[in-house]
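Just so it is clear: chains get the letters A, B, ... in the order the sequence lines come, proteins before strands, and each one is counted from 1.
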There are 4 protein chains.
Amino acid sequence: MTILLAYYYGGLMPKIVNKEERRREIALSCSDLIHEVGIKKLTVSQAAKTAGIGKGTIYEYFENKEDIIFEIINIHIDKYHEEFEKNIQKEKTTRDKVLHFFKFAIDDSEENMKHFDGFKEYLSIVLSEENEQMLNFNCSCSSFFQVQLTKILQEGINKGELKNEAIDLVEVIMVYERGLSITKMTQNDADIKVLCKKFIDSLFELVEIKKD
Amino acid sequence: MTILLAYYYGGLMPKIVNKEERRREIALSCSDLIHEVGIKKLTVSQAAKTAGIGKGTIYEYFENKEDIIFEIINIHIDKYHEEFEKNIQKEKTTRDKVLHFFKFAIDDSEENMKHFDGFKEYLSIVLSEENEQMLNFNCSCSSFFQVQLTKILQEGINKGELKNEAIDLVEVIMVYERGLSITKMTQNDADIKVLCKKFIDSLFELVEIKKD
Amino acid sequence: MTILLAYYYGGLMPKIVNKEERRREIALSCSDLIHEVGIKKLTVSQAAKTAGIGKGTIYEYFENKEDIIFEIINIHIDKYHEEFEKNIQKEKTTRDKVLHFFKFAIDDSEENMKHFDGFKEYLSIVLSEENEQMLNFNCSCSSFFQVQLTKILQEGINKGELKNEAIDLVEVIMVYERGLSITKMTQNDADIKVLCKKFIDSLFELVEIKKD
Amino acid sequence: MTILLAYYYGGLMPKIVNKEERRREIALSCSDLIHEVGIKKLTVSQAAKTAGIGKGTIYEYFENKEDIIFEIINIHIDKYHEEFEKNIQKEKTTRDKVLHFFKFAIDDSEENMKHFDGFKEYLSIVLSEENEQMLNFNCSCSSFFQVQLTKILQEGINKGELKNEAIDLVEVIMVYERGLSITKMTQNDADIKVLCKKFIDSLFELVEIKKD
DNA sequence: TATGAATGAGCATTCATTCAT
DNA sequence: CATGAATGAATGCTCATTCAT
């Protein structure tokens with residue numbers, strides 16, 4: 001857009017940027033910031049500077065600081081979900097797919113730990129505050145994984161690998177996954193992989209249709 | 001004051017307090033305060049006022065604010081452990097004993113919820129800070145329950161109710177218990193009791209010696 | 001002493017320790033402490049512990065914290081004066097004796113720097129507070145050196161080395177010594193030795209009786 | 001607001017303040033405060049109130065409390081230097097100019113004593129803390145006077161009043177000036193004027209070219 | 001005489017949010 | 001729409017001194 005155009009259209013084109021879009025844009029530019037300084041330590045000033053806008057402008061698009069954080073976390077989780085769906089398809093067997101489901105708690109790679117530590121901090125906030133919004137959001141996240149897991153198990157059942165009862169254990173598996181994550185966060189000496197293997201072995205002992 | 005002591009001091013005897021005991025005493029008097037205002041919101045001034053002593057006196061017995069909180073939490077946990085040991089003995093069958101093990105996550109009574117909410121806040125702190133002390137303490141708490149659970153299962157094995165492999169699942173059970181707690185904390189719509197029942201049923205299906 | 005004797009003599013033998021002596025004793029035991037932690041950082045608790053007595057007992061012998069510091073500094077200065085008198089006699093020529101007078105500001109040996117840094121901190125307090133006592137004490141210290149210096153110069157005059165006017169410059173020399181000390185304390189790049197030499201050379205050019 | 005700027009911002013112009021200028025402004029308004037309560041006793045609250053701004057605003061312009069003090073002292077010293085340069089020119093003879101150089105230590109006028117007492121407190125801080133910033137600043141202040149004094153003496157040499165060696169004594173004179181100041185600060189009974197006169201007389205006896 | 005438990009005033013600093021421009 | 005200057009509440013900790021015993 002040339003200066004002339006800007007001048008002519010200045011009033012006619014009141015930058016009707018889609019608020020929601022701009023919101024996303026700002027949050028996106030701060031996406032890495034949250035890993036660097038941590039959720040709690042993130043200041044509005046930092047966010048504004050990183051997004052290259054004024055502090056006051058932040059409040060044009062976000063209710064408050066929590067709202068910013070919320071949007072950033074949303075982005076992270078969206079990314080994670082996307083990746084998850086992509087990767088889960090690469091796993092061949094049902095057992096591997098279920099195992100992949102525990103990857104978040106098991107994988108010690110730098111990349112995953114960044115997500116994991118971020119989630120840890122996020123969880124800390126969810127636990128400490130009476131933030132309805134975050135709590136609800138948290139539930140919706142669970143739904144995503146519940147759907148995924150249900151799909152995996154159903155496929156196993158359809159393929160004749162698993163008993164029908166397997167589907168009843170979807171939530172049990174999810175609870176265990178949460179247990180594993182929290183164990184990793186709070187028990188220094190726990191061997192997460194072993195704990196995961198034991199569970200999956202037991203699980204499949206229960207629901208697998210043995211062929212002999 | 002005995003004559004001997006009087007002789008020893010050769011004069012009036014200064015008040016000597018058992019530091020450790022007084023520490024406990026002060027923490028005890030603030031015990032409820034932490035439920036009212038929350039761990040994070042607790043101020044040293046509040047604690048001093050509640051204990052009926054001066055702010056400076058607090059620092060005669062505690063290193064810093066965290067130290068106060070730590071002691072209070074200690075008291076709560078000690079109490080809980082005591083009660084737990086008392087109650088677990090009342091349960092007759094192995095299944096009931098294991099079920100009792102999940103009581104913390106299931107019981108919605110006001111009394112238990114006070115403990116549960118307190119633990120939730122405590123957990124939030126453990127997750128947010130790099131507080132070595134609390135993290136270590138947390139591990140030691142787990143040990144207590146691990147010992148208890150091991151005892152329960154071993155008795156079941158000894159009585160011929162459970163297979164020997166049951167003992168291998170101690171940690172798996174504990175992970176699940178953590179998962180249930182965190183689920184209760186973060187998933188509004190989860191039916192903890194059902195999730196517990198499903199797990200225990202599956203567990204016993206695996207490790208119970210069926211008599212027919 | 002048996003209990004009986006303690007009873008009988010309890011009132012008659014009131015441990016008439018010489019207050020002044022005990023005061024000195026306590027301060028003496030804290031003498032090194034002040035070099036370790038610094039004057040300002042010294043706490044009454046530390047002093048009491050170091051002296052092996054109770055905190056309250058300190059106040060039996062000292063008015064307040066400053067009073068303790070005052071006594072400790074007294075000890076240090078007494079020691080320094082003693083040493084000074086001993087060492088000044090070792091110098092042969094009048095010029096060397098005057099030079100020795102500037103030793104405090106020039107000598108970079110660890111031992112002297114301990115004294116120097118202590119004095120620096122002491123000076124800081126004298127300058128900041130309206131402590132009459134310390135200020136007066138400070139004056140009396142100057143007197144000591146003034147007497148010493150006067151003696152040195154008078155001897156020089158008597159030996160026919162210096163003109164009679166030399167004695168008029170006693171205070172000027174002392175002012176310059178103070179100037180050198182403060183220069184060392186506050187001017188990082190100053191070459192104290194050179195500044196000292198220039199002054200003494202000029203001084204002797206003025207007051208020395210040249211023999212040719 | 002120029003049209004260009006309005007165009008640039010494309011909207012209402014936010015208030016832009018010259019940070020450095022406002023900093024100076026705030027410090028200036030607290031300038032007298034430091035004489036009233038003393039450097040050490042100055043609280044940020046006081047400073048804010050005196051400047052008529054909020055406590056938080058202080059921290060928009062100053063790193064910390066020390067930074068405020070530093071700026072205030074800077075102002076005082078700048079003023080003093082300015083005055084000094086103005087006044088030194090009024091003195092006609094070289095001797096008077098040198099004498100003027102000692103004015104800070106000699107002048108007992110209320111105005112000068114305000115400066116002198118301020119410097120005394122400032123010196124106390126320089127001596128007590130390991131405040132690099134202040135120490136360095138102190139050195140730079142010395143430079144100013146060294147330059148002034150060198151100019152004075154050089155003019156005296158050029159006019160044929162002083163010997164060339166006079167220039168070698170610049171630092172000696174400065175050391176003596178410091179000595180005089182500290183003497184005034186710590187020796188109640190010292191007659192600063194006499195001490196000054198004696199020194200200047202001796203000095204000129206050494207470096208003045210006698211005409212007869 | 002000796003003690004040490006109790007005290008509490010005093011203070012720098014952060015940062016989310018507002019609002020005049 | 002955009003800005004960034006202004007705000008002020010809120011809190012942990014130290015340590016000299018007192019005084020009951």
Short side-chain N/O contact from B:Tyr59 to OP1 or OP2 of E:dT7, under 4.0 Å: no
To the nearest Å, give me how far apart CD (C:Glu25) and P (E:dA2) are. 11 Å
Measuring to OP1 and OP2 of E:dA5, would you say a side-chain N or O of B:Lys19 lies under 4.0 angstrom away? yes
Check the distance between F:dA9's P and B:Lys41's NZ and give it to me in whole angstrom. 18 Å
Ranking A:Gly56 and D:Ile58 by the position along DNA chain F of their nearest nucleotide, the one closer to 5' is A:Gly56
If you measure from the Lys or Arg side-chain nitrogens to the Asp or Glu carboxylate oxygens, is any gap between A:Lys40 and A:Glu121 under 4.0 Å? no
Starting at NZ of B:Lys49 and ending at C1' of E:dA6, how long is that distance when rounded to a whole Å? 17 Å
Take B:Arg22 and B:Asn18, measure what side-chain contact (heavy atoms from CB on, under 4.5 Å) needs, and give me the verdict at the end. CA-CA 6 Å; B:Arg22 186 103 181 76; B:Asn18 182 326; over 6 Å; no
Just how far, in rounded Å, is P of E:dA12 from CG of D:Asn64? 11 Å
Short side-chain N/O contact from A:Arg22 to OP1 or OP2 of F:dC1, under 4.0 Å: no
Ignoring the backbone of A:Thr43, work out which of F:dT3, E:dT3, E:dA16 is nearest its side chain. E:dA16
Pairing partner (Watson-Crick or G-U wobble, both distances under 3.5 angstrom) of F:dA9: E:dT14
F:dT21 -> Watson-Crick or G-U wobble partner, both distances under 3.5 Å, gives E:dA2
Step-by-step salt bridge (Lys or Arg N to Asp or Glu O under 4.0 Å) determination, A:Arg24 to A:Glu21: CA-CA 5 Å; A:Arg24 195 89 181 166; A:Glu21 207 173 276; over 6 Å; no
Any base atoms under 4.0 Å from D:Thr57, or only sugar-phosphate, or nothing? Heavy atoms, all strands. base
Got a second to check how far B:Ile72's CD1 is from B:Leu33's CG, nearest 0.5 Å? 7.0 Å
Whole-Å distance between F:dA16 C1' and C:Ile68 CD1? 9 Å
If I take atom CZ in residue C:Phe70 and atom P in nucleotide F:dA16, what distance separates them, rounded to the nearest angstrom? 19 Å
DNA chain E: 5'-proximal contact among A:Glu63 and C:Gly54 (nearest heavy atom): C:Gly54
Phosphate oxygens OP1/OP2 of E:dA2: is one of them under 4.0 Å from a side-chain N or O of C:Tyr61? yes
Nearest-0.5 Å distance, CG of residue B:Leu127 to OH of residue A:Tyr122: 13.0 Å
Separation of atom CD in C:Glu66 from atom C1' in F:dC15, rounded to whole Å: 14 Å
Quick check for you: to the nearest 0.5 Å, what is the distance between C:Glu25 atom CD and C:Tyr61 atom OH? 9.0 Å
If you pin C:Gly52 and D:Glu60 to their nearest nucleotides in DNA chain E, which one's is more 5'? C:Gly52
Interatomic distance where NZ belongs to A:Lys40 and P belongs to E:dA16 [whole Å]: 13 Å
Which nucleotide in E:dC15, E:dT3, E:dT13 has an atom nearest any side-chain atom of D:Lys65: E:dT13
Can you find a side chain N or O atom of C:Lys55 that sits less than 4.0 Å from OP1 or OP2 on E:dG4? no
